[in-house]
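Working notes for the structure below.
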There are 2 protein chains.
Amino acid sequence: MGTTQLESVPEPKYWHLKTVLSEALDSEFSVGEILPNERDLAARFGVARATLRQALEQLELEGRLQRRRGVGTTVAPPRVGVAVGGSEQHDWPGATGDTWQPVDCTLEVPPAAVAAALETGADRPVHTLRRSRTSNGQPVAAELLYVAEASVPDLSAIDAPSGAARARAVLRELQRLELEGRENAVELGSARADDAKELDRLPGAPVLVVTTRYFAGGRVAAISVATYRADTCRLTFGDSGGVEIHQGPERKAS
Amino acid sequence: MGTTQLESVPEPKYWHLKTVLSEALDSEFSVGEILPNERDLAARFGVARATLRQALEQLELEGRLQRRRGVGTTVAPPRVGVAVGGSEQHDWPGATGDTWQPVDCTLEVPPAAVAAALETGADRPVHTLRRSRTSNGQPVAAELLYVAEASVPDLSAIDAPSGAARARAVLRELQRLELEGRENAVELGSARADDAKELDRLPGAPVLVVTTRYFAGGRVAAISVATYRADTCRLTFGDSGGVEIHQGPERKAS
């Protein structure tokens, strides 16, 4: 990597170091390779360990590095593009082609914000489906899908009381409604303990939270709160109009 | 806030503390209010300062707190929903209703990933527009929009050589092409030094990076790389089919 003089740069030192490290990753390391330890790296670039650590954190944010306990810091593979919306944009969850797997279904009082959006009243339980999504065998997202009881009035109580079978029954009933539209919102969040476990992350790891509101009958019939791994995922919102997409670069342009 | 016993909890301490703090923010603090200092907070909850700091970091990730130099830690206002795509989804940048403001335009060799996607060849300069976006008077996003020279062949060289006027000329030429589709991707990133300055953040702050590929003539005619503040923004991808959206909760459901 060679030593680089970082003294006379107006940007914060860690920022410049990040750029230098990033170029070194491109030219000298391959995916999965373990980086030298922090002490050696700091010495090599003539920076304090604190500066090095800040630069490594940046690269982790950008998905270039993965830090794993007991392994060390490795060069991350390119992020995986995960379609959110896209061609199935006008379908209910659980429609043909949906890549989510139902895991469980319970009847629970939702968070206040969900109750307000569903207009169910604060103490009223709603169908709470837990679903998971994998990509290439790796868990990439965990979802809580809240369905108002009023949205699936014909759901049979004797069908399946809980579990994945119950989740499928709720989704089946949901398909009966005419979907008038949906709206996605993406924001930064930190992984809840249960999601973190499912996603193989520590609680509090940065995640991308996608909240989807499904509209039917002029109101919100269901709300999905999906938690995607921010380190490995790039969320794609497609509308390529059927144009064949020339395979672009895996890395984001920056 | 009262003292809470955190000893016998299976989750990481900082995580549980985060939940407790979050509830305290809801019930005892108002937006903009400055939190007590770290020493006082740590004492109050009977935790080490390191644990407290981890919990504060989580809350910052979730957009509940803002930490500002010289001010301290304040309770953040709810995130602002910023439309990405939505009704103007089928329009070129710069079309009527576009909320971005052109700032500058230069002819530059783009990053390798952009050149590959635009199929311009590695050393070929492209029109590089800088645009900015504000919401309620606050900067929320900074964009680099790359337009291949071949996409705007009739652009007059004598028009305006650079600056915002040049940017508008490029956008005007772009409108002549038939837009066949566009594809958005969202991922976590860290703010580049120039973007950070424009967004009033420190370099390296977490940001949401939206990469948009615009398709025309069966190829990628332009690429936008937009950097949104992750602390204050929630990106919305609309497809509500014209349904009037009942005003939901400002906070994300979690």
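Below, chain A is the first sequence line, B the second, and so on; all start at residue 1. Quick caveat: nothing in here was measured; it's all calculated off a predicted structure.
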Task: Portion of A/Ala191 that has a non-hydrogen atom of chain B nearer than 4.5 angstrom - done: backbone
Open item on the list: Show, in sequence, the C-alpha distance, side-chain angles and deciding distance for A/Arg79 and B/Leu188, and conclude whether the side-chain contact (heavy atoms from CB on, under 4.5 Å) test is met.
Closed with: CA-CA 10 Å; A/Arg79 283 177 172 158; B/Leu188 182 61; 4.1 Å; yes
Task: Atom group of A/Leu61 that falls short of 4.5 Å from chain B, counting heavy atoms - done: both
Task: Top contributor to chain A contacts, counting heavy-atom pairs under 4.5 Å, from B/Ala205, B/Gly204, B/Pro206 - done: B/Gly204
Task: Minimal non-hydrogen separation, A/Gln58 against B/Ser190, with atom names - done: OE1-CB, 3.1 Å
Open item on the list: So, taking the atom named CG in B/Asn184 and the one named CG in A/Asn184, what distance separates them when rounded to the nearest 0.5 Å?
Closed with: 11.0 Å
Open item on the list: List the residues meeting salt bridge (charged side-chain N to carboxylate O under 4.0 Å, His left out) with A/Arg229, not counting sequence neighbours, and say none if there are none.
Closed with: A/Asp231
Task: Counterpart residues, side-chain contact (heavy atoms from CB on, under 4.5 Å), relative to A/Asp195 (two or more places apart) - done: A/Arg130, A/Ala142, A/Arg192, A/Thr227
